[in-house]
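Just so it is clear, the values below take in all heavy atoms, side chains as well, and ignore hydrogens, waters and symmetry mates. Quick note on labels: first sequence line is chain A, next is B, and so on, each numbered from 1.
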2 protein chains.
Amino acid sequence: MKPQTTDLEQSILEAAERLFLEKGFAGTSTTDIAHAVGCNQALVHYYYRTKERLFRGIFINKINLLLDYLDKFEYNGCMMSAIGRVIDFYFALLRSNPRLPFFVMNELVLNKERREWMRETFVENEKRRRVYYSFSEIVRKEVEKGTIRPIEPLFLLLDVVSLVVMTFTTLPIYADLLEKSEQEVDTYLEERKKEIFIFVMKGLQP
Amino acid sequence: MKPQTTDLEQSILEAAERLFLEKGFAGTSTTDIAHAVGCNQALVHYYYRTKERLFRGIFINKINLLLDYLDKFEYNGCMMSAIGRVIDFYFALLRSNPRLPFFVMNELVLNKERREWMRETFVENEKRRRVYYSFSEIVRKEVEKGTIRPIEPLFLLLDVVSLVVMTFTTLPIYADLLEKSEQEVDTYLEERKKEIFIFVMKGLQP
DNA sequence: ATCTTATTTAATAAGGTTATTAAACCGGCT
DNA sequence: AGCCGGTTTAATAACCTTATTAAATAAGAT
């Protein structure tokens, strides 16, 4: 009665993903992962050699998933509708991966080496730089035109990211502390998205 | 040459605090703590019995520190100056304890049992309920008066908390990824505070 | 049927973790 | 000096962690 005849390598990756997202790197052992899959612990090492390598693969994947969504900022002349689209897309993404942003932040904040590795891998990455650069150019021009108030591009980014990310990061706290049902959480998220959009829109008015 | 003739019990607490804040519960061992103090590992247990008890003491302390600052919301007729004061106070607090909000969030998000314990300890706490209730009444009245746009009190709270907390949570990422000096980080925080204030002020306009 | 190669397992090395224990230490009191 | 209580230590139990190894198993090719 094997767990499934599907690829064990893949199952291990998925279990690792779920557990790392839920309990973090330090809170998850390779034994936990093997147990979740229902296989021998040595298999985790057979396929991924070390816990760190397994983690890295997942980590880089998740960061890319998050960063790629920034491309959804397809500016077509209207700042607010571009921002609205990004908010929409991130809400959709995080709706099905609520722990994602916390996971990435968590590991970056808790581990200096990972920050260094992240700098080498992403900040010094030409494509990523370009995306940020073109975003900041758009913001600068909008400010010049007077369609939005004067604001540092980085701050605008941080404002939106803060609001969206914290919504999902605090979601388990919201749900458990205030004992909300899944249905209530759904409604809450819908309302929250609207609030963020209004807040940003008003907050950017000249 | 004793580490200091000061209270070892206190030194242990302080080292534990520093390490838990920096690396989280799972990432810190009692051996690490003893090592940081320069004492025997058994001493940590002699004074605090278990790692969990030691952690809880620190954790409850930090939550209280954070929640008590909400009292700085001394409303005297002007919403924005009250919010401005809260932002100011939190920036001052977090300036010297930048990892504090992340620490609390981290442990609450990563550990379901802690969320349950937190609900019993705080949400069912009369004093805390009153503070939130009076805040939400003020918001409701301001909305009625038309001095601010319609907004759920919880959302307003979450908006401000998100912006402030994320500023400090992402600080190590900002500093390390963009290789900023301490001086630059200072300026950044000063600018960021202003931005948050403007953003919230504009974001609340009717 | 046997060989081959990839997969999976049990066993284990090497080390780390929390928590307890019994013994040593040390300063003050009688 | 001897005793006492709180403090500190070394030693250790019991267990968990990562990673490796050698042997067992499975499955396809010849």
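Atom CD in B/Glu9 sits roughly 8 Å away from atom P in D/dT7 (whole-Å rounding). Rounded to whole Å, atom C1' of C/dT18 lies 11 Å from atom CD1 of B/Ile33. We find that CD of A/Gln10 is positioned 14 Å from P of C/dT7, with the value rounded to whole Å. A/Ile12 has its CD1 atom 10 Å from the C1' atom of C/dT8, to the nearest Å. In this structure, A/Lys23 atom NZ and D/dC16 atom P are separated by 15 Å, rounded to whole Å. Atom CG in A/Asp7 sits about 14 Å away from atom C1' in C/dT8, given to the nearest Å. Look at CG on B/Leu43: it is 15 Å from C1' on C/dT21, rounded to the nearest Å. As a whole-Å value, the separation of B/Phe25 CZ from C/dT18 P is 8 Å.
At a threshold of 4.5 Å between non-hydrogen side-chain atoms, the residues B/Ile151 and A/Ile198 do not count as touching.
Along DNA chain C, the nucleotide nearest B/Thr30 and the nucleotide nearest A/Ala42 are compared for position; the residue whose nucleotide lies closer to the 5' end is A/Ala42. With DNA chain D read from its 5' end, the first of the two nearest nucleotides for A/Tyr46 and A/Asp32 is the one closest to A/Asp32.
Relative ring orientation between B/Phe135 and B/Tyr132 is described as tilted, the plane-to-plane angle lying within the 30° to 60° band. Using cut-offs of 30° and 60° on the angle between ring planes, the pair B/Tyr69 and B/Tyr90 is tilted.
Enclosure of atom CZ in B/Arg149 by more than 12 non-hydrogen atoms of other residues, nucleotides or ligands within 6.0 angstrom is indicated.
Among the protein residues, B/Tyr47 comes within range of the sugar-phosphate backbone only, with heavy atoms under 4.0 Å from sugar or phosphate atoms but none that close to a base. Nucleic acid contact class of A/Thr50 (heavy atoms, under 4.0 Å, all strands): sugar-phosphate only.
Distance from the side chain of A/Leu8 is smallest to C/dT8 among D/dT18, D/dT9, C/dT8. Distances from the side chain of A/Gln41 to the nucleotides D/dT20, C/dT9, D/dT9 place D/dT20 closest. Of the candidate nucleotides C/dA10, C/dT8, D/dA10, C/dA10 has the atom nearest to the side chain of A/Asn40. Here D/dT18 is the nucleotide among D/dT18, C/dT20, C/dT9 with the atom lying nearest to any side-chain atom of A/Thr31.
Within the structure, a side-chain polar atom (N or O) of B/His45 is placed less than 4.0 Å from OP1 or OP2 of C/dA19.
A donor-acceptor contact shorter than 3.5 Å is absent between the side chain of B/Lys62 and the backbone of B/Gly57.
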